[in-house]
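Remarks on the structure that follows.
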2 protein chains.
Amino acid sequence: MIQADFSSQIDAAVQQQYHLIHAIYVLLDDGDRRVLRQFGLTLAQYRVLLLLDLEHGQRLTTLSERLLRAKSTITRIVDQLEHGGLVARSSDTEDRRAQRVVLTPAGADVLRRARAVHEEKLVRRFTLALQENEQERFIALLTRLHDSLVDSLNTLGAPVTGPE
Amino acid sequence: MIQADFSSQIDAAVQQQYHLIHAIYVLLDDGDRRVLRQFGLTLAQYRVLLLLDLEHGQRLTTLSERLLRAKSTITRIVDQLEHGGLVARSSDTEDRRAQRVVLTPAGADVLRRARAVHEEKLVRRFTLALQENEQERFIALLTRLHDSLVDSLNTLGAPVTGPE
DNA sequence: CCGGAATAGTTAGAGATGCAATCATTTCGT
DNA sequence: ACGAAATGATTGCATCTCTAACTATTCCGG
């Protein structure tokens, strides 16, 4: 254990950022769920559809990594979407263990309509908050923090997972 | 309905901020859970302890509002903490419906130790990412966004809930 | 003061998610 | 080429959270 005697000043600033990020996430999440409910989608399902729209025929494992969700969670989400006719599984021709997931025309249609509403609402909420040039600075800072956290995950994070 | 013909440029910037915030939240959340697991705490339990440390004898409903969690969720979290001897319920002398929740000495002790590790890790992760003056700017931007989202919730958010 | 409305808290049921175990297939070392 | 290890996906189980219904108490209008 490293005993920290960080100044309480830095400490307080970090706490503040931490709490703000959490609060913002909760607020955004809440808004998202309200919008997507109109289209019968959960947020997780919506994110899968978004990824599939970006790149068709992704594997479940790939989706799992990109969404930072357990593979089993992705299996179930794809089950739901498939049951609703929004996506389809197809066997991978090169690896018979793998499944490729693709958007159906119905899935593409639902995504297009949901995304229109979701993004419009999102844009409205952000542009009310920050000017255009502020958004740029904000993105830069968010990116720095994000990349740094990913680094920490790879260097410090992993060893902590499995203690024994 | 306001029909938006926002430029796709703004749109892209908003999407970027949105995705970054989500990704950062997931990364922070993941790190939090790893740290707190060492102390047998879930993130939700930890947050309750933090609130109780700030102000002893809070009602369950107050905790529910501050954590943005359903009342039933708070009931169960307090159940768990009480079962573990970290908090205690005591009747409100003025309102016999209400329960006041207080930290026990054991709870205060666990919180103190968990918080030391958690905050130390948090400070390390943030200070690796952003310089001190950058953190100030970051806090300013986060605050603006947060407050604006809270406003949106009160003005735009509520009516959208029940579209019928 | 009485009775309906509101409020504090709990309980029940359903959905979402993670972990661990499992099966089928692929990859790799020898 | 064979067997062990790794990988893709699924399933079972446990946990967390929400919504809705319910009980007990308080508030408030007449």
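Reminder, nothing fancy here: chain letters follow the sequence lines and each chain counts from 1. Fair warning: this is a prediction, and the values are worked out from it, not measured in the lab.
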### No-H, no-angle donor-acceptor pair, A:Arg97 side chain to D:dT7 base, under 3.5 Å
yes
#### Entry: Value in whole Å for how far the P atom of C:dT25 lies from CD of A:Glu94
17 Å
### Message
I need the CG-P distance between A:Asp79 and C:dG15, as an integer number of Å.
### Response
15 Å
### Task
Identify whether any heavy atom of A:Arg76 sits under 4.0 Å from a base atom; if not, whether one sits that close to sugar-phosphate; answer base, sugar-phosphate or nothing.
base
### Query
Going through the checks in order, is the ring-ring contact (aromatic ring centres under 6.0 Å, His included) test met by A:His118 and B:Tyr18?
CA-CA 11 Å; A:His118 179 245; B:Tyr18 174 74; 5.4 Å; yes
### Message
Any salt bridge linking A:Asp92 with A:Arg96? Criterion: basic side-chain nitrogen under 4.0 Å from a carboxylate oxygen.
### Response
no
#### Entry: Gap between atoms NZ and C1', on B:Lys71 and D:dA20 respectively (whole Å)
12 Å
### Task
Rounded off to whole Å, could you give me the CG-to-P distance for the A:Leu63 and D:dG8 pair?
12 Å
## Note on the structure
Between B:Gln80 and B:Arg96, whichever has its closest DNA chain D nucleotide further toward 5' is B:Gln80
### Message
Any salt bridge linking A:Asp79 with A:Arg76? Criterion: basic side-chain nitrogen under 4.0 Å from a carboxylate oxygen.
### Response
no
### Message
Applying a 4.0 Å non-hydrogen cut-off, can you work out what A:Arg100 is touching in the nucleic acid: base, sugar-phosphate, or nothing?
### Response
nothing
### Task
Step by step, work out the salt bridge (Lys or Arg N to Asp or Glu O under 4.0 Å) result for A:Arg66 and A:Glu55.
CA-CA 12 Å; A:Arg66 298 198 174 158; A:Glu55 180 185 335; 3.3 Å; yes
### Query
In whole angstrom, what separates B:Asp30's CG from C:dG18's C1'?
11 Å
### Task
Rounded to the nearest angstrom, tell me the gap between atom CZ in A:Arg37 and atom C1' in D:dC18.
10 Å
### Task
Nearest whole angstrom, please: distance from the C1' of C:dA16 to the CG of A:Leu41.
15 Å
### Message
Any N or O donor-acceptor pair under 3.5 Å from the base of C:dC19 to the side chain of A:Ser72?
### Response
yes
### Task
Looking at every strand, decide which applies to B:Ala70 at a 4.0 Å heavy-atom threshold: base, sugar-phosphate, or nothing.
base
### Task
Describe the nucleic acid contact of B:Thr61 in one word from base, sugar-phosphate, nothing, applying a heavy-atom distance below 4.0 Å.
sugar-phosphate
### Task
Return the value, rounded to whole Å, for the distance between atom CD1 of B:Ile74 and atom C1' of D:dT19.
15 Å
### Message
For A:Asp95 and A:Thr42, find the nucleotide of DNA chain C closest to each by heavy atoms; which residue's nucleotide sits nearer the 5' end?
### Response
A:Thr42
### Message
Counting only side-chain nitrogens and oxygens, does B:Thr73 get under 4.0 Å of the OP1 or OP2 atom of D:dC18?
### Response
yes
#### Entry: Residues A:Asp53 and A:Arg115 bridged, charged N to O under 4.0 Å
yes
### Task
Look at B:Arg34 and C:dG18 and indicate whether a side-chain polar atom (N or O) is within less than 4.0 Å of OP1 or OP2.
no
